[in-house]
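Chain A is the first sequence line, chain B the second, and so forth, proteins listed ahead of strands; every chain is numbered from 1.
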Amino acid sequence: SQQGEEDPQALSIQEGENATMNCSYKTSINNLQWYRQNSGRGLVHLILIRSNEREKHSGRLRVTLDTSKKSSSLLITASRAADTASYFCATGAYSGAGSYQLTFGKGTKLSVIP
Amino acid sequence: DAGVIQSPRHEVTEMGQEVTLRCKPISGHDYLFWYRQTMMRGLELLIYFNNNVPIDDSGMPEDRFSAKMPNASFSTLKIQPSEPRDSAVYFCASSPGGVQGYTFGSGTRLTVV
């Protein structure tokens with residue numbers, strides 16, 4: 001399976017600290033995406049990094065991708081209480097039949113303590 | 001843009017009853033996805049449509065599950081008969097296609113007792 005696996009499963013930090021979450025996957029991908037899910041809500045797309053990119057920034061988010069190690073990391077700098085949520089990585093790839101699919105990991109639960 | 005709209009937000013039903021979940025995708029999005037989320041299995045893709053046509057339903061767990069998309073602005077996921085193990089949060093998502101991100105609805109929390 002190409003399902004991404006996030007690490008750690010849960011992370012608790014103080015407000016203002018940086019939070020780093022990792023994602024590993026097993027097969028070749030076209031891109032990797034990160035999503036956030038607040039409690040009781042749907043997933044929200046944060047950032048997409050293509051397989052030929054190594055790093056991408058969006059505001060306080062920094063994503064890296066290492067295709068040789070089949071891993072990605074999401075860094076949230078200067079965390080805020082509002083960043084408390086579950087974060088999911090999703091790997092996008094084309095199947096043998098040519099259809100594109102996005103497969104999600106089980107997420108990292110981030111708690112930012114005020 | 002109101003985003004992806006799902007209804008109902010919560011559904012409690014008795015085992016054996018028929019359940020219908022509804023989804024309105026974002027206008028102009030050609031792809032629609034149905035996912036199921038549980039603590040044990042995480043987020044699982046059930047089925048997806050492209051231009052109203054089902055493309056891959058290999059994730060549909062059993063024949064008790066069926067999905068339709070009669071037009072570009074509406075899709076349903078039906079479970080008949082429902083069982084307690086179907087209890088989960090069901091999400092609908094849409095995408096304009098290609099490798100862009102998905103937009104998710106707020107989900108339907110289904111409880112089968």
Is the shortest distance from a Lys or Arg side-chain nitrogen in [X] or [Y] to a carboxylate oxygen in the other one below 4.0 Å?
X	Y	value
A:Arg50	A:Glu53	no
B:Arg64	B:Glu18	no
A:Lys106	A:Glu5	no

Interchain contact, [X] with chain A, by part (heavy-atom threshold 4.5 Å):
X	value
B:Phe33	neither
B:Tyr48	side chain
B:Tyr102	both
B:Gln100	backbone

### Summary
To the nearest 0.5 Å, atom CG of A:Leu46 lies from atom CD1 of A:Ile76 at 7.5 Å

### Close side-chain approach of B:Cys23 and B:Ile5, heavy atoms under 4.5 Å
no

### Query
Heavy-atom distance under 4.5 Å to chain B: side chain of A:Leu43, backbone, both or neither?
both

